[in-house]
Amino acid sequence: MNFDITEEQKMMMETARQIGERFGLDYWREKDGAKEYPHEVWQAICEAGIAGMMVPEAYGGLGLGLVDLALCIEELCKGGAGSTLSQMFMLNPVFGGVSLALYGSEAMKRDLLPGLCDGSVTFSMALTEPDAGTNSLGMKTRAEPVDGGWSISGQKIWITGVAASRKMLVVARTTQPQEGVKKTHGISLFMIDTDRAGVSHTEIDKLGTNTLPSSIVYLDRVFASHDEVIGTVDGGWPELLDILNCERIVTTSGLVGTGALALKLAVDYARERKVFNGRPIGSYQGLQFPLAQKWAELEAARLLNLKAASNFDRNLPFGSESNAAKLIASQAASAAAEQSMQVMGGMGYSKEFHAERLWRDARLFRFAPVSEEMILNYISTVNLGLPRSY
């Protein structure tokens with residue numbers, strides 16, 4: 001077991017750190033306030049080769065692994081973005097890159113992966129539904145066979161980055177549960193154009209992550225050709241899990257970076273702020289200990305997340321590690337941001353000091369992209385062997 005960071009990784013992390021700091025706290029505060037999509041930072045990430053880090057060299061990428069990407073995401077988010085930037089990696093290198101690299105046809109890879117690398121092709125994924133929530137197997141969106149392909153109809157909710165995407169990974173049932181061998185049978189994945197007849201979407205007004213809009217998506221007899229199927233018809237469930245578990249890893253990387261940034265803001269403030277007898281408030285253990293606790297939790301999440309990424313890179317099971325890391329990181333990052341606000345007192349409630357935005361954005365990830373309760377269900381049944389209640 002080797003915990004060393006290679007010289008090549010250190011150089012990549014330094015590049016990511018420089019981009020993160022170039023588009024720092026003020027940039028993200030302005031984007032958040034204006035609810036503007038951060039095109040500039042994503043283009044800079046693409047130009048640095050980070051967006052295509054996991055894409056094979058034959059399609060314009062660097063041919064590296066998820067460990068490399070996770071390390072870079074930490075640095076990018078630590079520079080000022082916070083956790084919302086990690087969502088852009090969910091959308092593009094994961095929903096687009098992982099799905100295509102693992103399960104896309106050769107034609108799909110040639111057509112779309114170079115665009116992912118240079119930023120000209122962006123992605124979203126339509127999975128969650130209003131009446132199903134985290135019970136993805138209860139989805140009602142159907143894809144029915146028609147001449148030349150499929151007709152997809154249904155409704156999705158909390159779909160991120162729709163308006164800015166060119167391609168949408170749609171998850172639908174091609175066989176109903178009562179017709180299949182088991183309930184996981186009958187799920188299929190489709191990579192369609194976002195701007196296509198029958199696709200419409202409406203934005204949801206929300207608390208945070210304002211730079212990346214979330215939408216309700218309506219699919220009304222949307223045509224998808226046979227060539228737009230990702231993976232196996234009716235056998236998409238395990239393929240979807242591979243994609244979602246990678247989503248956990250990039251989420252956790254962003255949360256680790258967010259927690260580090262929140263702690264830095266708190267420490268910098270606590271070193272300078274003096275209220276009683278000329279002593280900095282950072283000398284009080286009542287402030288020190290909560291920050292130290294969050295540092296320990298974030299470091300534990302980071303190491304577990306890198307283990308998950310390493311397992312993925314080596315084609316080993318990584319679901320337990322990726323889910324557990326996300327559980328710890330989401331709680332620790334949210335608490336670190338809130339503790340940062342507490343250290344700052346009233347100023348922590350102001351937008352000027354940035355901690356409130358970090359908290360608003362990080363709080364989302366305690367129930368998305370998978371809730372902590374569902375992660376605990378997973379650990380209870382898979383790792384502890386307890387019976388399912390759902």
Side-chain angles (χ1 to χ4, degrees), residues 42 51-52 54-55 59 86-117 119-129 132 134 136-137 139-143 149-174 186-196 198-201 212-219 222-251 368-370:
W42 186 248
M54 293 175 60
V55 174
Y59 307 106
S86 65
Q87 288 185 292
M88 302 187 80
F89 286 89
M90 297 180 211
L91 299 176
N92 298 305
V94 175
F95 297 159
V98 170
S99 65
L100 289 167
L102 292 183
Y103 302 113
S105 67
E106 181 61 30
M108 281 184 178
K109 294 175 185 178
R110 287 197 312 268
D111 290 345
L112 299 177
L113 287 178
L116 185 158
C117 296
S120 61
V121 180
T122 49
F123 299 83
S124 59
M125 180 170 76
L127 171 61
T128 309
E129 297 190 1
T134 53
S136 297
L137 292 173
M139 72 178 69
K140 296 179 181 177
T141 298
R142 300 186 62 169
W150 302 83
S151 177
I152 307 173
S153 293
Q155 184 177 333
K156 304 290 185 176
I157 195 169
W158 290 110
I159 310 307
T160 302
V162 176
S165 69
R166 278 189 52 194
K167 290 287 183 177
M168 180 185 293
L169 183 64
V170 177
V171 186
R173 276 208 168 271
T174 41
I187 303 292
S188 301
L189 313 179
F190 302 86
M191 187 68 78
I192 68 169
D193 297 323
T194 303
D195 184 13
R196 179 169 291 185
V199 178
S200 59
H201 48 91
L212 298 176
S214 299
S215 301
I216 303 171
V217 175
Y218 305 93
L219 304 162
V222 178
F223 177 76
S225 70
H226 292 303
D227 293 339
E228 292 177 314
V229 175
I230 293 277
T232 310
V233 172
D234 284 339
W237 179 250
E239 299 162 356
L240 176 63
L241 292 183
D242 282 342
I243 297 167
L244 295 179
N245 284 327
C246 288
E247 177 191 37
R248 314 279 191 263
I249 292 172
V250 300
T251 300
V370 62

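When a residue number appears, it is its place in the shown sequence, counting from 1.
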Checklist outcome for this item: By side chain to side chain donor-acceptor pair (under 3.5 Å), S153 pairs with (sequence neighbours left out) none

Next on the checklist: To check you understand the geometry: which heavy-atom pair defines the closest contact between S99 and I230, and what is its length?
Outcome noted: O-CG2, 3.9 Å

Item to check | Euclidean distance, S136 OG relative to L244 CG, rounded to 0.5 Å | outcome: 7.0 Å

Checklist entry - Run the side-chain contact (heavy atoms from CB on, under 4.5 Å) check on R173 and L137 step by step: do they pass? => result CA-CA 9 Å; R173 276 208 168 271; L137 292 173; 4.2 Å; yes

Checklist entry - Do L102 and E239 pass the side-chain contact (heavy atoms from CB on, under 4.5 Å) test, and can you show the C-alpha distance, the side-chain angles, and the key distance before you say yes or no? => result CA-CA 8 Å; L102 292 183; E239 299 162 356; over 6 Å; no

Next on the checklist: Go through it in stages, so that I can follow the logic: the residues are Y59 and L100, the test is side-chain contact (heavy atoms from CB on, under 4.5 Å), and I'd like the CA-CA distance, side-chain angles, deciding distance and then a yes or no.
Outcome noted: CA-CA 11 Å; Y59 307 106; L100 289 167; over 6 Å; no

Item to check | From L112 atom CG to S120 atom OG, the distance as rounded to the nearest 0.5 Å | outcome: 9.5 Å

Checklist entry - Taking the side chain as C-beta and beyond, is there a heavy-atom pair between V199 and V170 under 4.5 Å? => result no

Item to check | Heavy-atom pair with the smallest gap, counting every atom of Y103 and D242 | outcome: OH-OD2, 2.5 Å

Checklist outcome for this item: Nearest heavy-atom contact between C117 and G52 is SG-CA, 3.7 Å

Item to check | Where L91 and F123 come nearest, the two heavy atoms and their spacing | outcome: O-CB, 3.0 Å

Next on the checklist: If I take atom CZ from residue F95 and atom CG from residue L127, how far apart are they, to the nearest 0.5 angstrom?
Outcome noted: 8.0 Å

Item to check | Single hit among E247, M125, M88 for side chain to side chain contact (heavy atoms under 4.5 Å, CB included) with V94 | outcome: E247

Item to check | Between OG on residue S105 and NE2 on residue H226, distance to nearest 0.5 Å | outcome: 13.5 Å

Next on the checklist: Between F190 and T174, is the side-chain contact (heavy atoms from CB on, under 4.5 Å) condition met? List the steps.
Outcome noted: CA-CA 11 Å; F190 302 86; T174 41; 3.8 Å; yes

Checklist outcome for this item: Rounded to the nearest 0.5 Å, the CG atom of D111 sits from the NZ atom of K109 at a distance of 12.5 Å

Checklist entry - Out of curiosity, T122 OG1 to M168 CE, how far, rounded to the nearest 0.5 Å? => result 10.5 Å

Checklist entry - Nearest heavy-atom pair of I152 and T141: which atoms, and what distance? => result CG2-CG2, 3.8 Å

Next on the checklist: Quick check: closest heavy atoms across V55 and L116, and the distance to 0.1 Å?
Outcome noted: CG2-CD2, 4.2 Å

Item to check | side chain to side chain donor-acceptor pair (under 3.5 Å) pairs, two or more places apart, involving residues 154-171 | outcome: S124-S165, E129-K156, S165-T194, K167-D193

Checklist entry - Is a side-chain N or O of S214 found less than 3.5 angstrom from the main chain of I159, in a donor-acceptor match? => result no

